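Both ligands and their constituent atoms are indexed starting at 1 by order of listing. In this chain, residues are counted from 1 in sequence order. What you are looking at is a predicted structure, and each value in this text was computed from that prediction instead of being measured.
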Amino acid sequence: MTGSERQFSERLFEEAKNYIPGGVNSPVRAFKSVDMDPIYIRRGKGSKLFDVDGNEYIDYVCSWGPLIFGHSDGRILKKISEFAENGTSFGANTEIEIKLAKLITEIYPSIDLVRMVNSGTEAAMSAIRLSRGFTGKNKIVKFEGCYHGHGDSFLIKAGSGVLTLGIPGSPGVTESTAQDTLIAVFNSIESVEKLIDGNKNQIAAVILEPVMGNAGVIPPDAGFLKKLREITRSENIILIFDEVITGFRVAPGGAQELYDIEPDLTCLGKIIGGGLPVGAYGGRRKYMEYLAPVGPVYQAGTLSGNPLAMAAGYETVSILGAEKVHERLEEKAGLLEDGLRDNMKRLNLSYKINRVGSMMSLFFTEQDVRNFNSALSSDTKLYSKYFREMLKNGIYLAPSQFETAFLSTAHSREDIQKTIEANYNSLSSLM
Ligand SMILES: *Cc1c(COP(=O)(O)O)cnc(C)c1O
């Protein structure tokens with residue numbers, strides 16, 4: 001059965017709104033940008049999601065990236081329950097924290113020491129505090145359309161005339177906070193140079209998603225990351241790669257392995273939690289030992305290094321290392337991309353597809369998508385229709401044009417074939 005009947009989901013959403021703001025615990029789940037009410041999930045298995053109305057979908061959200069082996073992978077579940085038998089949280093040290101930290105440092109040569117937190121938001125906030133504490137400088141540079149969680153310093157819009165100071169992107173973020181966040185344009189090294197020239201010796205860090213994944217997928221141009229590395233190094237600015245999505249996703253060692261760049265600090269999350277709540281940040285010893293209890297920069301967490309999350313993460317990262325997961329993902333994602341391109345040829349459409357490994361986006365625009373502005377040229381109304389058509393055809397995509405589709409190892413060739421057919425049907429019905 002496919003997703004046209006959704007009466008239980010509708011009922012739950014009505015009830016949820018009585019107790020939870022907007023009925024949801026994270027805004028995108030409200031499905032506002034696809035003009036429909038959200039579906040409620042009963043369970044997931046492999047590549048499939050099952051909703052409370054008994055509809056089945058092939059899932060390309062994969063919990064927004066963490067589920068690289070798909071839903072309810074037996075190996076991860078087994079590890080979690082093994083650990084749960086011995087208690088769920090101690091607020092004290094456990095061996096599994098060391099094992100995961102050691103594994104991360106082995107896979108990420110730029111990371112000597114790593115600190116666990118509970119979310120990607122926390123990782124990015126903490127990496128910024130550490131950068132400011134270490135350098136004694138206040139300003140940071142972020143890129144338009146890059147998402148680093150909901151910390152105040154990141155909820156900043158570009159001011160008028162793009163390369164000005166930031167302005168608050170949400171009520172509740174103060175202007176003084178916004179002033180310390182400078183906004184650059186992805187894939188434009190000139191935009192970064194201008195900000196650096198205009199703010200000499202005031203910039204603590206440049207933070208970015210090395211492959212943008214929160215405006216849809218936007219890969220870095222050849223040389224962009226290398227040049228960024230060179231400038232930040234020569235200006236004594238800390239370069240932070242937010243690899244919360246790309247870490248373990250585009251390669252075991254993330255985008256820094258794929259593009260061969262060594263950032264100073266790295267933020268991780270999503271996949272390293274194996275589906276449980278985790279974030280982490282790490283880097284060279286000289287920076288990381290500036291953190292309490294060794295150094296003066298404070299950061300802490302009651303549930304940080306939670307044993308269940310560490311166990312799920314350790315198992316996930318171990319399997320990724322042992323199996324040729326990324327080759328298989330690349331092959332399947334390639335098949336999907338080829339299928340979608342074929343469909344567009346047949347239908348005489350020229351929408352843009354961006355893909356890096358198992359991250360992919362179909363943008364409803366005919367412009368090349370190289371930065372946030374070009375992503376914004378997409379026809380979001382059309383995406384909304386496309387989303388609903390795909391859902392009817394049993395395919396669950398992210399409920400927004402500006403998100404990434406993720407493949408997991410659980411996606412079969414048959415799933416991909418079905419998706420290509422659904423894409424053909426959905427695209428034809430839009431015209
Ligand atoms: C998801 C995400 C975050 C935030 O992580 P949460 O766990 O949702 O707080 C930060 N950075 C990037 C690149 C992300 O994709």
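At least one heavy atom of K270 sits closer than 4.0 Å to an atom of ligand 1.
Listed by number with element, the atoms of ligand 1 under 4.0 angstrom from any heavy atom of S119 are 7 (O), 9 (O). Of all atoms in ligand 1, numbered sequentially from 1 with element shown, those under 4.0 Å from a heavy atom of I245 are 15 (O). In summary, the atoms of ligand 1 found under 4.0 Å from a heavy atom of N214, numbered by their order in the structure, are 12 (C), 13 (C), 14 (C), 15 (O). Near E209, meaning under 4.0 Å from any of its heavy atoms, are these atoms of ligand 1: 13 (C). Close approach of ligand 1 to D242 (heavy-atom distance below 4.0 Å) involves ligand atoms 10 (C), 11 (N), 12 (C), 13 (C).
Ligand 1 has a nitrogen or oxygen under 3.5 angstrom from a nitrogen or oxygen of G120.
Figure legend: cation-pi geometry between R249 and F406 absent, as NZ or CZ is not positioned both under 6.0 Å from the six-membered ring centre and within 45° of its axis.
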Exercise. Could you walk me through whether Y386 and N423 pass side chain to side chain donor-acceptor pair (under 3.5 Å), step by step?
Key: CA-CA 8 Å; Y386 172 71; N423 168 266; 2.8 Å; yes
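Checking E209 against T246 by side-chain atom types alone, no donor-acceptor pair falls below 3.5 Å. A donor and an acceptor atom, one from each side chain of Q299 and Y281, are located under 3.5 Å apart.
Atom OH of Y298 is surrounded by 12 or fewer heavy atoms from other residues, nucleotides or ligands within 6.0 Å.
Counting protein heavy atoms only, atom 4 (C) of ligand 1 is closest to T121 N, 3.5 Å.
In summary, E56 and K418 do not engage in a salt bridge, as defined by a charged side-chain N under 4.0 Å from a carboxylate O.
Contact annotation: the side chain of Y351 approaches that of L382 to within less than 4.5 Å [non-hydrogen atoms, C-beta and beyond].
Residue contacts with ligand 1, taken as heavy atom pairs separated by less than 4.0 Å, involve H148 solely via the backbone atoms N, CA, C and O.
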